[in-house]
Amino acid sequence: MLDPKYLRNDIDETATRLASRGFSLDVDTFNQLEEKRKSLQMRTQDLQNDRNVRSKSIGKAKAAGEDIQPLMAEVGKLGDELDAAKEELGTLLEQINKLSMAIPNLPADDVPVGKDESENVEISRWGEPKSFDFAVKDHVDIGAGLGKGLDFETAAKLTGSRFVVMRNGVAKMHRALSQFMLDLHSNDHGYNEMYVPYLVNTDSLLGTGQLPKFGADLFHTQPATEEGQGLSLIPTAEVPLTNIARDEIFAAADLPIKMTAHTPCFRSEAGSYGRDTRGLIRQHQFDKVELVQLVQPEDSNAALEELTGHAEKVLQLLGLPYRKMLLCTGDMGFGSHKTYDLEVWLPAQDAYREISSCSNMGDFQARRMQARFRSPGAKKPELLHTLNGSGLAVGRTLVAILENYQQEDGSVVVPEVLRAYMGGLEKLG
RNA sequence: GGAGAGAUGGCCGAGCGGCUGAAGGCGCUCCCCUGCUAAGGGAGUAUAGGGUUUAUAGCCCUAUCGAGGGUUCGAAUCCCUCUCUCUCCGCCA
């Protein structure tokens with residue numbers, strides 16, 4: 001959620017900046033609602049005050065043994081007027097809130113303006129895509145060859161499309177990857193390892209911004225409407241991890257708070273029919289090791305660089321070539337202020353594909369969550385800044401390893417750093 | 001799942017339907033006193049929203065005692081629903 005002050009005082013400027021990311025803010029409607037809100041709220045509060053004063057005087061009159069009948073008759077009339085005003089105000093505030101919650105974050109000044117992913121800017125590359133002297137296979141064929149190590153048919157029988165069953169060495173490597181990532185981030189990068197619920201309530205989803213706009217992307221255990229408090233499967237550990245800060249006031253000295261967790265993620269992938277239908281790239285259920293940081297506002301820019309570096313480190317240690325992209329305004333996520341994507345090299349696709357997304361959300365989520373901190377001298381608590389990033393998506397990392405480490409005979413070399421997690425195994429197949 | 005108890009400010013803990021935004025204590029901040037690593041005295045110390053304003057300063061107003069409804073001129077205090085916590089029983093990983 002944006003600072004309401006922007007919307008009241010600088011709405012035109014705000015609308016311009018939002019337009020750069022493809023969101024059109026209905027300025028006229030907003031101004032009208034805002035004007036109405038102002039007068040209605042003032043009137044309601046005046047009435048309220050009036051009633052409070054009169055009610056108090058009834059108490060005093062009663063204590064003094066005076067006749068309170070005339071006083072009570074007077075206040076009675078006030079009550080109806082007040083109730084009507086309150087109800088009208090309530091509806092109006094709800095309307096404004098609904099609009100506000102659907103407005104995306106403002107992009108940072110250094111985010112390139114662009115309409116879609118084609119205008120993202122490449123920042124850097126690491127590693128050389130390996131040249132193969134045989135016809136490369138994609139991860140689906142490699143996995144199938146490893147004793148049905150990746151088995152989409154069986155998963156389709158059990159559940160449906162976009163699910164997978166893994167076997168033996170491939171399943172082991174999948175597990176090894178998440179262990180390796182968790183250890184790296186908790187031992188070397190200073191994150192607290194966390195275990196969190198995979199089901200969350202609607203308050204949490206509102207807090208990080210999945211709701212109210214993107215309910216269709218989630219799996220719900222019951223219909224989660226405005227009035228229903230159905231639990232939903234997490235689409236990312238960002239939701240439970242970040243919401244740990246919801247309604248909390250931290251001491252400034254406690255920040256930054258760095259947390260990492262390995263969880264499955266569940267996404268309905270509504271609207272992505274026909275895209276990435278083959279293989280592990282786009283699944284309804286996938287594992288991810290998530291990085292979350294809660295920092296003071298002045299530190300969030302540096303924290304984004306640091307956090308992205310932590311995700312990059314995973315790729316470097318695994319020896320996977322990648323490039324770092326700065327997302328343009330049109331391709332950023334709803335709550336993001338600035339986002340880097342890491343794209344790993346996939347030989348079979350002859351392309352770089354997203355494997356991590358690292359974002360500075362600024363105070364956007366913190367405002368929705370009322371996540372704050374208090375500085376020693378400061379009178380008021382301030383909103384903190386939240387950041388999150390994948391460090392990394394485990395399934396896609398597995399894809400990258402299968403494809404980049406494949407051998408002509410169909411076997412796959414296990415990257416050095418994973419061997420300790422796989423009983424010293426050096427090769428699959 | 002069955003039975004019972006509870007939910008008040010950063011923490012602990014009072015609170016007859018009106019004088020309680022909330023006693024008291026702890027903690028914290030500032031000041032005073034004190035010649036020794038202590039004690040004492042004084043003052044201050046919730047959050048959100050709105051108005052006014054150059055102002056995130058002041059001032060004024062409103063709301064909030066788990067959440068949401070209700071009764072009432074008036075509710076932390078009465079009634080209902082829900083959530084969570086604790087104890088006992090059952091069941092289970």
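No hydrogens, no waters, no symmetry mates; every other heavy atom, side chains included, goes into these values. Just so we're on the same page: letters track the sequence lines, and every chain starts at 1.
- Atom CG in A/Leu7 sits roughly 14 Å away from atom P in B/G49 (whole-Å rounding).
- Across B/C73, B/U62, B/U47, the shortest atom-to-atom separation from the side chain of A/Pro381 is found for B/U47.
- Comparing B/U71 with B/G15, their P atoms are spaced 28 Å from each other, to the whole Å.
- Contact check for A/Gln296 versus A/Phe373: side-chain heavy atoms found under the 4.5 Å cut-off.
- Nucleotide B/A48 holds its C1' atom 13 Å from the CG atom of A/Leu93, rounded to whole Å.
- Residue A/Arg372 is in sugar-phosphate contact alone, with no base atom involved, counting any heavy-atom pair closer than 4.0 Å across all strands shown.
- Summary of the strand contacts: A/Ile249 and A/Gln48 both lie near RNA chain B, and taking for each the nucleotide with the nearest heavy atom, the more 5' one is attributed to A/Ile249.
- B/G40 sits 9 Å from B/U34 when the C1' atoms are compared, rounded to a whole Å.
- Within the 4.0 angstrom heavy-atom criterion, no nucleotide atom of any strand lies near A/Asp46.
- Taking a pair to require two hydrogen-bonding distances under 3.5 Å in either a Watson-Crick or a G-U wobble arrangement, B/C86 pairs with B/G4.
- Rounded to whole angstrom, the span from the CG atom of A/Asn49 across to the P atom of B/C59 amounts to 18 Å.
- Nucleotide B/U72 holds its P atom 14 Å from the CD1 atom of A/Ile58, rounded to whole Å.
- You'll find the side chain of A/Leu7 reaches within 4.5 Å of the side chain of A/Leu25, heavy atoms only.
- For A/Thr263 and A/Lys288, the side-chain atoms include no donor-acceptor pair closer than 3.5 Å.
- In this structure, A/Leu71 atom CG and B/C73 atom P are separated by 13 Å, rounded to whole Å.
- Residue-to-nucleotide contacts include no donor-acceptor pair under 3.5 Å from the side chain of A/Gln45 to the base of B/G51.
- Positionally, the nearest nucleotide of RNA chain B for A/Asp50 lies more toward the 5' end than for the other of A/Asp50 and A/Arg54.
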Apply side chain to side chain contact (heavy atoms under 4.5 Å, CB included) to the pair A/Gln406 and A/Leu402, showing each step before the final yes or no.
CA-CA 6 Å; A/Gln406 65 179 298; A/Leu402 293 179; over 6 Å; no
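- B/G17 atom C1' lies 8 Å from atom NZ of A/Lys62, rounded to whole Å.
- Donor-acceptor pairing under 3.5 Å is lacking for the side chains of A/Glu193 and A/Thr260.
- Looking only at side-chain heavy atoms (C-beta outward), A/Lys86 and A/Gln48 come within less than 4.5 Å of each other.
- Applying the 4.0 Å criterion to OP1 and OP2 of B/G74, one finds that A/Asn52 has every side-chain N and O outside that range.
- Comparing atom distances between the A/Lys38 side chain and each of B/A48, B/G21, B/U52 picks out B/U52 as nearest.
- B/G40: Watson-Crick or G-U partner is B/C32, with both key distances under 3.5 Å.
- Under 4.0 angstrom from either OP1 or OP2 of B/U47 there lies at least one side-chain N or O belonging to A/Arg374.
- The distance between atom CG of A/Asn97 and atom C1' of B/G49, rounded to the nearest whole Å, is 13 Å.
- If you measure from atom CD of A/Glu87 to atom C1' of B/G69, you get 13 Å, rounded to the nearest angstrom.
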